[in-house]
There are 2 protein chains.
Amino acid sequence: MSTEAHDRQFVVALARGLDILRCFRADEPLLGNQDIAKRTGLAKPTVSRLTYTLTQLGYLVHEARFGKYRLGAPVLSLGYAALAGLDVRQVARPFMEELALYSDVAVSLGSPDRTSMIYTESCRGRGALTIRLGVGSRVPLATSAMGRAYLAALSEAERTRLLDEVRRFHPENWERVAAGVEQAIKDYQTRGFVLSLGEWQSDIHAIGTTIRLPDSGQIMGLNCGGAAFVLPRERLEQDLGPRLVEIARRIEASLGA
Amino acid sequence: MSTEAHDRQFVVALARGLDILRCFRADEPLLGNQDIAKRTGLAKPTVSRLTYTLTQLGYLVHEARFGKYRLGAPVLSLGYAALAGLDVRQVARPFMEELALYSDVAVSLGSPDRTSMIYTESCRGRGALTIRLGVGSRVPLATSAMGRAYLAALSEAERTRLLDEVRRFHPENWERVAAGVEQAIKDYQTRGFVLSLGEWQSDIHAIGTTIRLPDSGQIMGLNCGGAAFVLPRERLEQDLGPRLVEIARRIEASLGA
DNA sequence: AAATGCATTTCGCTGTGCGAAACATAGAGG
DNA sequence: CCTCTATGTTTCGCACAGCGAAATGCATTT
């Protein structure tokens, strides 16, 4: 789990506890010890001790009715504090709202986390049908527009390393997924943005690009997407793609000021 | 830290790591190892190992420019999953919106966490000036309306135990704070809601009551509050207080169905 | 009543996590 | 430019914390 074979600075018990918290997802918010043991590969007594500890601290709540756990309110407090630490959101938001208003779909900003991107800001258009993903949602690297843009912006070495991990999530259609990533890299280099046309979810179309933070050089993703039927390929390529790249540049300029 | 003197089921290293995450707050999102060592009481090499581990896992991000850490995006993902696990939010929201619209201030729902309440849902009125607290914010137990309502709803034994911890946060004015809590308990028993008139923040007035979840019996807080000048005492006592109690009962009835 | 499944507890072991001491680095002050 | 201070990291020896196999407990199913 740690970067080195035997890293004595790395605290394994803490990492295991956080691994348990990561098992909980929006689409599956209730999990039992058995579920957790399966997902983490940890022994059942180990899971029992760790969930007991997390429950004592409030991070998990035991729902006796189902014999399962859900995440407790303290993680909301962490999320709130995390957002406060992201100055880039305040700077980016007006530009994102401008494009969301123009396009009538959602514009989102996100940070990488292992093999996903996590939405850190989201602006919705006034369109009647708009994507439900809020701040904190995860989208996959290889099939979402934001994820593909992020991969495209990485160094070759870093991308190869990540794709090795990503591959494990697409056991049956890796060649097709890899081809999509390859095309995205080309699009990124040619015109500054990438496409995802039903490859993440069948009825979702999106474009993505990246923003590079001035001090840390950290790369964040920026996307624009929604229901496929209001976002035909031509509209994405001719109209919204160039606009997304433009607001990404303007955000970067505002950050650098 | 654990409930028993030496609880062999309690994983101390995990608890310590989470203690570090808790140090980060919305009003102070950047902290160095020294700051963390002071707030947690942990030895500096211990803090160094724990922050290194949290950084490896993405939960902390090192801002080299300041030599400090901030919370990373994965906590947002946990927050998002936590909200998905709170069915009570969907049930409560229409009632809360109804009162927020009527009152033109904010109506919020919250869960207890140690000596605070954490907002889990928040509905704002259309008033030009409304409270900035979003989901994930913490408010103190002894001085906020939501916190006082929660304390009032507890058993005597449970309340005494909690007030022992709360006391440490009010070293200079404990008698005054305790008197406010005492009055809140009386108000709660008499009319079902409590007041906070500038006692949490000088320009904020609010009322609070509680909701009891049907299966777990867990107590949540419900409040209505905002700028003092639009919420004079009489309006709170004669109009909004009874309404808040009414929607709390209606929420409970909807949960029980 | 027996079997099954899930969860918790026991217990012996080992390597994990600890903190004092030492070391490293950057910035401030003279 | 040198010294001192503050902050952070690494070392290292030690003790026990955290581990997982085995046993136990409990609720549900057959």
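Everything quoted here is computed from the prediction, not taken from an experiment. All heavy atoms count here, side chains included; hydrogens, waters and symmetry mates do not. Proteins get letters first, then strands, A, B, ... in listed order; numbering begins at 1 in each.
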Quick one: on DNA chain C, does Gly32(A) or Leu42(B) contact a more 5' nucleotide (nearest heavy atom)?
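Nearest nucleotide further toward 5': that of Gly32(A).
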Whichever of Thr51(A) and Ala43(B) has its nearest DNA chain C nucleotide further upstream toward 5':
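By nearest-heavy-atom nucleotide position, the 5'-most residue is Thr51(A).
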Between [atom2] on [N] and [atom1] on [X], what's the gap in Å once rounded to a whole number?
X        : N       : atom1 : atom2 : result
Tyr69(A) : dT8(C)  : OH    : P     : 5 Å
Lys68(B) : dT7(D)  : NZ    : P     : 9 Å
Leu54(B) : dG17(C) : CG    : C1'   : 14 Å
Gln34(B) : dA26(C) : CD    : P     : 17 Å
Asp7(B)  : dT9(C)  : CG    : C1'   : 12 Å
Tyr52(A) : dT8(C)  : OH    : P     : 11 Å
Asp19(A) : dC19(D) : CG    : P     : 12 Å

Taking it one step at a time, do Asn223(A) and Tyr119(A) satisfy side-chain hydrogen bond (donor to acceptor under 3.5 Å, both in side chains)?
CA-CA 10 Å; Asn223(A) 77 357; Tyr119(A) 279 14; 3.0 Å; yes
Polar pairs (N or O, both sides) under 3.5 Å between protein and nucleotides 14-18 of chain D?
residue : atom : partner  : partner atom : Å
dA17(D) : OP2  : His6(B)  : NE2          : 3.1
dG18(D) : OP1  : Val12(B) : N            : 3.3
dG18(D) : OP1  : Ala13(B) : N            : 2.8
dG18(D) : OP2  : Phe10(B) : O            : 3.4
dG18(D) : OP2  : Val12(B) : N            : 3.0
dG18(D) : N7   : Arg8(B)  : NH1          : 3.0
dG18(D) : O6   : Arg8(B)  : NH2          : 2.9

Report all interatomic pairs (protein N or O, nucleotide N or O of nucleotides 22-28 of chain D) with separations under 3.5 Å.
none

Using a 3.5 Å distance criterion without hydrogens, assess whether the side chain of [X] forms a donor-acceptor pair with backbone atoms of [Y].
X         : Y         : answer
Ser122(B) : Val135(B) : no
Thr53(A)  : Val11(B)  : yes
Asp164(B) : Arg161(B) : no
Arg70(B)  : Pro29(B)  : no
Arg148(B) : Ala142(B) : yes
Thr51(B)  : Ser48(B)  : yes
Glu199(A) : Val177(A) : no

Does the distance from a Lys or Arg side-chain N to an Asp or Glu carboxylate O, for Arg114(B) and Glu165(B), drop under 4.0 Å?
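Here Arg114(B) does not pair with Glu165(B) in a salt bridge, since their nearest N and O are not under 4.0 Å apart.
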Tell me which nucleotide among dG8(D), dT8(C), dT11(D) gets nearest to the side chain of Lys44(A).
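Closest of the options to the side chain of Lys44(A): dT8(C).
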